[in-house]
Amino acid sequence: NAGVIQTPRHKVTGKGQEATLWCEPISGHSAVFWYRQTIVQGLEFLTYFRNQAPIDDSGMPKERFSAQMPNQSHSTLKIQSTQPQDSAVYLCASSLEGWGREQYFGPGTRLTVL
Amino acid sequence: GEQVEQRPPHLSVREGDSAVITCTYTDPNSYYFFWYKQEPGASLQLLMKVFSSTEINEGQGFTVLLNKKDKRLSLNLTAAHPGDSAAYFCAVSELNTNTGKLTFGDGTVLTVKP
């Protein structure tokens with residue numbers, strides 16, 4: 001079991017550029033979560049998919065951020081017109097279906113916006 | 001929404017000493033609780049999931065106590081060793097079947113000195 005895979009591990013963008021982050025959940029896991037980790041804000045929930053359907057995006061900034069899950073093997077988080085405050089480690093997690101299931105995290109993508 | 005307070009933010013102990021990290025939460029509907037360990041530069045590693053009130057769960061070198069009456073969760077590393085040096089996070093999942101999102105504490109950076 002390879003665990004949750006995230007690519008790229010590091011990404012540097014210039015202010016105003018677009019960034020796309022990729023996540024491959026653990027095979028058989030139907031729930032996918034995105035979180036963001038910064039020193040100032042800590043770990044924040046962004047969005048959640050169940051069986052590829054968006055269920056909860058209450059943590060997503062309303063502008064510039066979007067997430068998709070086009071198939072069961074990958075999800076993407078896209079940030080348009082990146083800003084320095086978007087610099088963070090973006091973590092993807094997956095779990096089996098069902099409330100309260102353990103979430104397993106990927107290694108994260110460190111996004112740096114210059 | 002749920003708020004989780006984790007204390008202390010930093011903890012330094014000698015090898016062989018115990019280390020206790022405590023989280024308090026606000027939402028009485030919170031039902032599932034998790035402890036994660038994050039080593040420098042690495043992702044979140046699940047240590048334990050608990051959900052029964054006032055239950056002591058024993059893992060490898062640590063115990064977890066959940067007191068739902070006091071809305072308090074604690075992690076006790078019983079005989080810390082340098083390999084335990086890491087950041088530790090508690091996380092809470094609310095009683096809501098529409099989302100499995102986790103609300104995290106701000107973390108505790110544990111340093112175990114030889």
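A quick note: this is a predicted structure, and the numbers were derived from the prediction, not measured. A note on names: the letters A, B, ... follow the listed sequences, proteins ahead of strands, and every chain is numbered from 1.
- Residues B:Q45 and A:Y104 are not in side-chain contact: their nearest non-hydrogen atoms beyond the backbone lie 4.5 Å or more apart.
- Distance check: A:L46 CG to B:K101 NZ gives 11.0 Å after rounding to the nearest 0.5 Å.
- Heavy atoms closer than 4.5 Å to chain A are found nowhere in B:Q6, neither backbone nor side chain.
- Atom CG of B:L44 is separated from atom CD of A:Q103 by 10.0 Å, given to the nearest 0.5 angstrom.
- Taking the six-membered ring for Trp and the full ring otherwise, A:F105 and B:Y36 have centroids separated by under 6.0 Å.
- Interatomic distance, A:E102 CD to B:L47 CG, rounded to the nearest 0.5 Å: 12.5 Å.
- Under a cut-off of 6.0 angstrom, the local environment of CG in A:L114 is crowded, with over 12 non-hydrogen atoms contributed by other residues, nucleotides or ligands.
- Residue A:T47 does not touch chain B at all, counting heavy-atom pairs closer than 4.5 Å.
- Residues in residues 2-24 of chain B take part in no ring-ring contact (aromatic ring centres under 6.0 Å, His included) pair, two or more places apart or across chains.
- Counting non-hydrogen atoms of other residues, nucleotides and ligands closer than 6.0 Å to CZ of A:R110 gives a total of 12 or fewer.
- Heavy atoms from other residues, nucleotides or ligands lying under 6.0 Å from CG of A:D57 number more than 12.
- Closest approach of B:S43 to A:P107, counting heavy atoms only: CB-CA, 3.6 Å.
- Across A:G42, A:G100, A:S58, the residue that shares the most heavy-atom pairs under 4.5 angstrom with chain B is A:G100.
- With a 6.0 Å radius and a threshold of 12 heavy atoms from other residues, nucleotides or ligands, A:E44 has its CD atom above the threshold.
- Follow the hydrophobic side-chain contacts under 4.5 Å out from B:V20 and you never reach B:L77; the two are in separate clusters.
- Among pairs with a residue in residues 50-97 of chain A, those fulfilling ring-ring contact (aromatic ring centres under 6.0 Å, His included) read A:W22-A:H74, at least two apart in sequence or across chains.
- If you measure heavy-atom distances from A:L91 to chain B, the contacts under 4.5 Å come from the side chain alone.
- Between A:F45 and B:L102 the shortest side-chain heavy-atom distance does not fall below 4.5 Å.
- For B:E15, the CD atom sits in a packed shell: over 12 heavy atoms of surrounding residues, nucleotides or ligands are nearer than 6.0 Å.
- With contacts defined as side-chain heavy-atom distances shorter than 4.5 Å, the pair A:Y35/B:F104 qualifies.
- Counting non-hydrogen atoms of neighbouring residues, nucleotides and ligands closer than 6.0 angstrom, the CD atom of A:Q72 reaches no more than 12 such neighbours.
- Using a 4.5 Å cut-off between heavy atoms, A:R101 touches chain B through its backbone atoms (N, CA, C, O) alone.
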